[in-house]
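These notes concern the structure reproduced below.
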Amino acid sequence: MRYFLLITLIIVYVIPSFSQEVNSFDVDNDQVREYIQKYKKDIRGPYRDLRWFCDDGTFNMPKEPCGDDVGGVQRARYKEEVIALGETSHVYLGQILSTTNFDKFWDQENYHSRMKQYQLEKYLKSIDDGWINRRAQYYRGALQVEDEEAWGKDFFIWLLKDEEVLEKHFYMVRQAIKDIPHAGDDNVAQLMRSQSKVIAEEYEPFMDLRIKIHGQPQRTDIAKVEAFKNDNDTKLTPSLKKEFNELIKTMNKYFAPVKISALSSYLETVTNAEIKTTVTNFIEANEDGTAEENIEGASDLMWYIRNEITNEDSAIGRLALMDLSLKLENIIIKKLDDYSNENLDSLIDKICYLSTAAAASGYTEIWEWEQIAGSIHKTQNDSLTLQELDDFLVAARKQLEWGTSINKAVYDDVVGVYQNFEPLVHGFLDDKIRGSVALPLGNAIGKLGTFISNESSLNNRVFSLSNQSHIHGINPGYAFGKLVVVDGNAEGLDVDAKNIYVFERPPSDLKPVAGLLTVSEGNLVSHLQLLARNLGIPNAAISNDNFLALKEHNGENIFYAVSNKGTVIIKPEVEMTPEEHKLFSAGAVRNVDMVTVPLDKINLEQTSILNLRDVNSASSGIYCGPKAANLGQLKQNFPDEVVEGFVIPFGIFFEHMKQTIPGDEVSYWEYLTSVFAKADKMKENGASSDEIEKFELAELAKLRALILEMPLLPTFVEDLEDSFSNILNGEIGDVPVFLRSDTNMEDLKNFTGAGLNLTLFNVAPKDEIIQGIKTVWASPYTERSFKWRQKILNNPENVYPSIVAIPGVNNDYSGVMITKGVTSNRNDEITVAFSRGVGGAVDGQAAEAWSIRNNGTYRLISPAREPSYKALPKTGGTVTKLSTFEKPILNRKNMSQLQDFSKELIQTMTAKGMEGPYDVELGFENDKLWLFQVRPYVENKNAKSSTYLESITPKVDTSKSIPLNIKL
């Protein structure tokens with residue numbers, strides 16, 4: 001039984017136009033930070049003064065209304081610096097809605113940033129005593145609630161006239177309706193959480209109750225808060241007592257009984273007769289229903305609204321239906337207090353209802369829910385096997401995590417901007433989830449996961465964390481080192497190979513580490529995942545709650561292991577067994593077989609460029625690396641699916657490296673070999689591995705700089721120009737090309753080398769191509785590339801780069817295909833992962849992934865969740881565009897093409913002596929398949945067969961029958 005969660009957690013946000021490019025803005029974070037602190041102390045906050053904003057475009061003084069014949073609203077004016085900040089940095093502080101232009105607020109050209117900033121600031125104000133309006137919240141007349149509500153209603157009516165907005169942005173719009181005043185319901189749930197947070201920060205003993213209110217709020221919590229207030233009465237300040245009273249008032253409002261009959265008020269503006277009838281039938285059937293009946297009916301009605309809302313013709317009717325959907329979600333959450341939860345059967349039913357409600361809330365696209373709904377359904381059986389229960393659990397986890405991370409995708413861009421000047425923003429994403437049906441769904445799934453783990457003895461042992469059933473292994477292996485928990489953006493982080501890292505999302509250029517845990521699993525076939533599998537680096541996916549809990553252990557030395565079935569052990573060093581200590585003792589055999597780069601057949605005499613048509617798999621390790629050799633082989637076997645191209649062989653690189661360094665007496669090659677000779681001498685003299693590595697990296701950095709300034713031989717430049725003319729049918733500078741590093745250390749029998757060296761995208765100008773060649777030659781000597789090689793190679797100095805130059809294909813979508821089941825290990829299955837644009841699914845993008853069986857069936861592993869993609873303009877370089885995900889990336893024709901091609905590829909490459917399975921990079925342009933690379937798919941078999949890992953892998957009887965009436 002596997003507990004691998006086959007999904008990607010980093011999810012994206014979408015906009016209507018595929019052609020729209022992403023804007024970027026420079027933000028002076030120190031300046032904004034200074035503004036924030038200043039405004040908190042300013043009685044007017046971010047505002048300058050009050051004015052009447054008249055409908056004719058004029059402005060009047062506060063005591064001079066616009067007049068009935070003109071009309072207008074009174075509100076504050078922004079400080080000049082606030083206006084400038086919005087114009088130059090696209091950071092909008094203290095937004096007042098009443099006179100804001102609808103289109104500018106929707107802010108489509110900037111990822112809808114302005115509207116999302118409004119929501120984010122509303123959260124900050126709720127948890128930080130008004131935030132920048134700390135004193136200005138008492139600035140009378142700064143804004144009028146009735147004007148804000150009137151504007152909000154008009155804005156949504158304007159917005160919802162376009163049904164594409166609901167199709168492409170359902171989740172974001174629904175959240176905005178929850179947060180933007182429009183004479184609807186207040187966001188009472190958020191207010192309750194923020195009030196409890198403020199109290200706990202001021203009075204630490206309240207923290208346990210605050211955690212309960214945030215994690216699993218129930219009606220009985222009102223009495224607990226009242227009792228706590230009474231018990232601590234003498235210790236509370238007058239201000240705290242007032243805050244407790246406000247919290248109790250809010251909790252009573254939140255948990256107030258819901259009259260289902262009152263829902264009929266939402267139908268007043270709905271014009272669609274069928275929708276009105278369906279809602280009316282629900283009201284009549286559920287007014288006196290049980291909690292279970294109310295929850296089931298409400299979740300079904302929410303899903304009905306999600307599907308039918310665009311059939312309502314009026315925008316105001318659509319707004320009413322969105323408000324109704326939010327009210328139904330609120331009913332479900334409140335009714336859970338009365339839900340029967342005594343046995344396994346009722347828990348499964350609850351997960352089914354809550355999963356439907358989550359999908360209806362926009363946490364998954366409609367087509368995604370349709371792909372998985374068949375696996376999350378009620379059963380009429382009296383019992384289920386452990387395997388059947390596990391299949392249900394995996395499907396429910398998938399749907400939940402696809403959904404919770406879409407929240408991150410929608411809002412992560414503005415959180416990323418604000419976290420640079422306001423650390424409190426980190427709680428925003430979590431607050432969104434806790435105010436939704438996703439919270440009780442996660443609790444229910446966690447409870448089921450714990451039950452199944454106990455029944456199958458597949459228990460994780462991760463300190464004493466709660467909700468351990470949300471932790472699941474990806475790659476087997478074991479490690480010992482310091483635990484480092486990394487908050488926020490990890491790009492560019494300097495990591496230590498001896499440490500075990502916990503990431504919200506790992507950086508795309510991650511250097512070697514001892515172990516990984518990630519909230520965002522990343523796609524299963526990214527370069528990082530392939531390297532981790534290859535080297536036996538333990539890797540597990542965790543929930544956001546697990547991530548927060550692990551922060552308490554940051555800096556501790558720990559033992560970390562992932563078993564062959566995905567169970568996870570993390571314990572402090574003091575609890576390690578003697579057997580576990582022996583795994584890391586001197587001379588212990590680790591999970592990596594060292595290999596030697598073969599040099600017996602390399603030919604460095606080939607000093608002219610080769611046509612891609614003239615190389616094949618037999619050329620690998622002789623003239624070029626396997627990337628070029630296999631692409632040449634593909635060109636021979638699949639000429640219409642591979643572009644024209646040429647190869648700059650090892651010999652040209654070596655010829656240039658034999659040149660004497662300008663101003664020196666040694667050649668580049670002599671400099672390189674001397675580095676490793678000195679390192680060997682240091683080792684003989686007893687230097688530590690850290691000292692040796694530090695010396696090597698410093699010297700290789702100097703070598704890279706020298707290579708970047710290396711003069712190119714005139715004969716090579718002439719050869720290069722001829723290759724463009726004769727092979728690519730264009731002049732150098734007119735034909736954009738990809739320059740792909742291709743070394744002799746890639747795709748060895750026990751090492752993939754995926755993604756370690758450089759690919760330059762769509763380079764066009766002649767001088768950039770020439771400089772790009774030198775940059776690619778230098779890339780094997782970067783710290784990241786060298787460190788990964790050092791983990792596997794005995795002779796890292798004998799790495800020779802060749803270069804593949806091919807014109808770019810402006811793919812509609814591209815990705816990776818593995819000709820086996822990555823997690824199932826089935827040979828009658830392929831695993832594919834695709835993202836929009838070029839270069840998809842290789843750098844850890846949250847790609848759309850499928851498993852496709854030979855019998856033609858296919859299963860969604862994860863939907864695409866990448867917010868942007870790269871496209872190739874004809875002038876060279878790349879542009880970044882935004883995506884939509886209301887439809888799958890791959891269509892059925894594509895899947896059939898991939899299945900047929902995989903069979904032909906296996907047959908062809910096997911006949912040529914290249915053993916599978918294969919890792920293939922490919923893309924589609926107007927449904928035409930293009931091939932860009934094929935390499936062996938390499939896994940770390942030692943990790944999987946480790947005696948220790950086998951010893952911690954429980955044997956599970958998956959056929960064990962579990963009665964559904966069993967008490968929980």
Side-chain angles (χ1 to χ4, degrees), residues 4 9 460-465 468 470-522 526 528-529 531-564 566-577 579-585 588 590-592 689-690 693 783-784 787-788 790-792 844 940 942-943 946 948-949 952:
F4 297 129
L9 306 180
N460 294 319
R461 286 171 282 163
V462 179
F463 296 118
S464 57
L465 268 60
Q468 293 200 23
H470 287 292
I471 302 171
H472 44 279
I474 302 169
N475 296 328
Y478 53 82
F480 171 75
K482 183 171 72 172
L483 185 69
V484 179
V485 182
V486 182
D487 252 327
N489 189 352
E491 291 297 334
L493 179 72
D494 187 18
V495 299
D496 188 325
K498 299 184 182 69
N499 294 342
I500 296 162
Y501 286 85
V502 187
F503 293 109
E504 289 187 271
R505 181 175 183 177
S508 57
D509 62 346
L510 183 67
K511 300 179 182 73
V513 295
L516 284 168
L517 294 101
T518 58
V519 175
S520 167
E521 177 181 317
S526 68
L528 175 61
Q529 292 289 5
L531 285 167
R533 285 177 185 276
N534 186 187
L535 297 177
I537 294 174
N539 188 1
I542 60 176
S543 71
N544 189 62
D545 283 343
N546 299 146
F547 177 84
L548 296 175
L550 285 170
K551 285 185 178 182
E552 296 183 11
H553 301 278
N554 185 45
E556 295 180 13
N557 286 331
I558 64 162
F559 173 75
Y560 170 37
V562 178
S563 80
N564 300 331
T567 52
V568 178
I569 296 174
I570 300 181
K571 62 174 74 172
E573 181 181 7
V574 294
E575 295 181 11
M576 290 173 64
T577 66
E579 179 188 8
E580 289 163 350
H581 276 290
K582 287 180 182 179
L583 294 173
F584 306 95
S585 62
R590 297 308 314 276
N591 293 335
V592 177
S689 59
D690 286 344
E693 183 180 88
E783 180 180 353
R784 177 174 182 263
K787 283 186 173 182
W788 280 104
Q790 284 291 82
K791 293 179 73 71
I792 192 76
N940 186 279
N942 284 341
S946 160
Y948 174 77
L949 294 179
I952 64 171

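The structure displayed is predicted, hence computed values, not measured ones. FYI, the numbering just counts along the sequence from 1.
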Heavy-atom closest contact (Val485 atom, Asn554 atom, distance):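 Looks like N-OD1, 2.9 Å.
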Pairing residues for Thr577 by the side-chain contact (heavy atoms from CB on, under 4.5 Å) criterion, not counting sequence neighbours: Lys571, Glu579, Glu580
For Asp487, all residues meeting side-chain hydrogen bond (donor to acceptor under 3.5 Å, both in side chains), sequence neighbours excluded: Lys551
Give, for atom [atom1] of [X] and atom [atom2] of [Y], the distance between the pair rounded to the nearest 0.5 Å.
| X | Y | atom1 | atom2 | answer |
| --- | --- | --- | --- | --- |
| Asp496 | Asp690 | CG | CG | 7.5 Å |
| His553 | Ile558 | NE2 | CD1 | 9.5 Å |
| Leu517 | Phe503 | CG | CZ | 10.0 Å |
| Thr518 | Glu504 | OG1 | CD | 11.0 Å |
| Leu483 | Asn499 | CG | CG | 9.0 Å |
| Tyr948 | Lys582 | OH | NZ | 13.5 Å |

Parallel, tilted or perpendicular: ring planes of Phe480 versus Phe584, cut at 30 and 60 degrees: tilted
So does [Y] get a backbone contact from the side chain of [X], meaning a donor-acceptor N/O pair under 3.5 Å?
| X | Y | result |
| --- | --- | --- |
| Asn460 | Ile471 | yes |
| Asn475 | Asn539 | no |
| Tyr560 | Gly481 | no |

For Val462, the option from Thr567, Ile542, Asn546, Leu550 that meets side chain to side chain contact (heavy atoms under 4.5 Å, CB included): Leu550
